[in-house]
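Notes follow the structure.
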Amino acid sequence: MTMGDAVPVSLPASEMPRSPGTPGGTAGQRLRAIDTLLADRGQLFQALFLAAPIAKALVDLDGHVLVANPRMCALTGRTPESLSGRHIDLLAHPDDPPVGDLGLEPAPGEPALDPNLLLDGERRLRRSDGSELWVVQSHEVVRQNNGTPQFVVLSMVDVTDRRRAEEDAVRRAYTDPLTGLPNRRALTDRLRHAVALSRRRGLQVGLVHLNIDRFQAVNEAMGHEAGDLLLSQFADRLRWSTRVEDTAVRLGADEFLVVAEDVEDLDGLRALADRLLSVLDEPFVVHDRELTLSASVGLTLGSDMTPDDLLRQAHSALVRAKADGQRARIEVHEGALTRDEVDALQLETDLRHALDNDELRLFYQPIVHLADETLLGYEALIRWQHPTRGLLPPGAFLEAAENNRLTSKLGAWVLRRACLDAVTWPEDLRVHVNISARHLAEEGFSELVAAALEESGLPPHRLELEITESTALFAAEATLHAVAVVTDAGVTLALDDFGTGYSAITALHRLPIHTVKIDRSFVADVVTEPSTAALVHGLLQLGRGMGLQVIAEGIEDLEQADWLLRHGCAMAQGYAFGRPAPLPSPAEVLMSEATQAPVEDVAGPLLPEPPAPPVELPRPRIPSTPEAHDLHDTGSFAARSLFDELADPDDD
């Protein structure tokens, strides 16, 4: 007879049950049956244990499995041999806290048991294949005749299906069915938790309230199915862009909100908002059509207020951002602002009117042939003639432009104005225009360049667009296509800040680069730092080996210029040759034209023999104390540190 077989019970003929009414029939029969069961209790217990319809295991008082029934093996996905002798914590889920840390105590009258045996009720376990299961656990202590605890019968009932059904119901109640993001109902609990946590930590809670601009127009033009796909893609990008501690929520329709925990100040919240808005830079693809979106944003920040007050403030800021039909604006609730931040907001408001009021200016910095200082062209650099603050360099207002998503509008103005100016110069002079990553990725960029060239009459080969390495590395297909269209028309492409990005080689291979510009941070130390000198020498060799034009930026003195010339650099730009200034006068253009030479001739490889003595041309005196100026930028139209002073202090 095997352990799983039924246990037969046989009685002697003399002890067969008597018929009712026979003396001693009922009471005697019961006593004899009990005696028989007690005599065979080992076999009976074994049969009941193995055939039990629920998972059971015999476990010693220290928590080691003695034997497990077939249902326990099936439940845990383990064999009897792999369970026997192992501690019961083998089944615990690794993400749950150790049972020993829960402080469980045996009930009165119970012996000291392993804490895993005391955890009666619902708990989570892990099967041998790593999958999760939920059980209701109970235990019973088996004692010897003298009352000494012998072992524990551990029972488990599988409630995984019920648990999953409950979790699914809760998830549906607190999750937006279209996007999978938490919904407004979940926001209440999450925001209450975030406010309480911020008070304990002494930090603040930030809210970023986003509304997709012109979403209703997309719905009407492409249908609700396309609108749903767009919302799902937007939610996915929003989810990927938030920090682990943040919560992205869909409030309804085209409105989303991000709860940001542990925010120190408004700058930190703005940085988060910028990162969230950057998900809109790349086009969305819906039904094989590319769509570029923008969003209006309301921000608020606080800790000592109710969740409802925070929500009202964020919504109020969003309403201001969308006022008068404006798009792609960021507004901050005024109560969250310091005096400096209010001043910054005023600057942002002024910048929105700068284009209409004709307050923007272009300054130009010369690019020369290093051997003889022949003028080759100019880089166009934006300035703002503010009505009350005076002439502002880019560093004073580009952040405001980014906050209001105005960089593309400013970039379009710079491109058009630079082409109109450059067409009045001698035919061999070229103009360099900086292009931001967002502007380059926008739909219609190639058409914008073509329109600027057509309006001005500037030949395409006289226009060079400057981009950064990161723009080249992470450009999407739409961006690569726009660049291909522009360069096929004859416009050339320059890689700015060469050597400072993630991978200069990769950037050179992704786009049809014509020129590389060695960053000023390398040029500054080229004479004094051997390691920097070796790096610059390598960049020069790389550029020339790939047949590219190479320009060294930020040259401040003749020592740097001499080193670069001796090591094969053909083109240069920096204070040593001229500061950014307004459009050259006709007399200055004629003077430079006297020594003009074709760009492709002068920018080629240098001859091995020593260069001819340079022709001295009038240029601004190099200041004796360069620390008085921000010499780490020539004013490029990219969000970088830029110098604040535009003229030599002795110019007056």
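Quick caveat, the model's predicted, so the values are computed rather than measured.
- What you find for Val332 and Arg270 is that their closest heavy atoms are CG2-NH2, 3.6 Å.
- A salt bridge links Arg239 to Asp236: at least one charged side-chain nitrogen sits closer than 4.0 Å to a carboxylate oxygen.
- Under the salt bridge (charged side-chain N to carboxylate O under 4.0 Å, His left out) criterion, no residue pair touches residues 479-490, with sequence neighbours excluded.
- Distance alone, capped at 3.5 Å, places no donor-acceptor pair between the His537 side chain and the Ala533 backbone.
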* **Residues Asp356, His353; criterion side chain to side chain donor-acceptor pair (under 3.5 Å); working and verdict** => CA-CA 5 Å; Asp356 297 333; His353 303 296; 4.9 Å; no
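- What you find for Ala552 and Cys569 is that their closest heavy atoms are CB-SG, 3.7 Å.
- Side chains of Glu359 and His386: no donor on one and acceptor on the other come within 3.5 Å.
- Here Arg329 contributes atom CZ and Ser294 contributes atom OG; the two are 12.5 Å apart, rounded to the nearest 0.5 Å.
- Closest heavy-atom contact between Ala295 and Leu277: CB-CD2, 3.9 Å.
- When all heavy atoms are compared, the tightest approach of Val285 to Gln233 is O-NE2, 2.8 Å.
- Crowding of Glu559 atom CD: a count of heavy atoms from other residues, nucleotides or ligands under 6.0 Å not exceeding 12.
- Nearest heavy atom pair, residue Leu392 against residue Phe397, reads O-CE2, 3.5 Å.
- Looking at residues two or more places apart in sequence or on another chain, you find a ring pair (Phe, Tyr, Trp, His ring centres under 6.0 Å) between Phe234 and Phe256.
- Looking at Glu261 and Ser198, their side chains never bring a donor and an acceptor atom within 3.5 Å of each other.
- Judged as a ring pair (Phe, Tyr, Trp, His ring centres under 6.0 Å), and not counting sequence neighbours, His432 has no contacts.
- Other residues, nucleotides and ligands place no more than 12 heavy atoms under 6.0 Å from the CD atom of Glu427.
- Across Val523 and Glu553, no two heavy atoms sit closer than the pair CG2-O, 3.2 Å.
- Atom CG in Leu269 sits 8.0 Å away from atom CG in Leu207 (nearest 0.5 Å).
- A salt bridge links Glu379 and Lys517; the closest N-O separation between the charged side-chain nitrogens and carboxylate oxygens is under 4.0 Å.
- Ion pairing between a basic and an acidic side chain is recognised when a charged N comes within 4.0 Å of a carboxylate O; Arg417 and Asp421 show such pairing.
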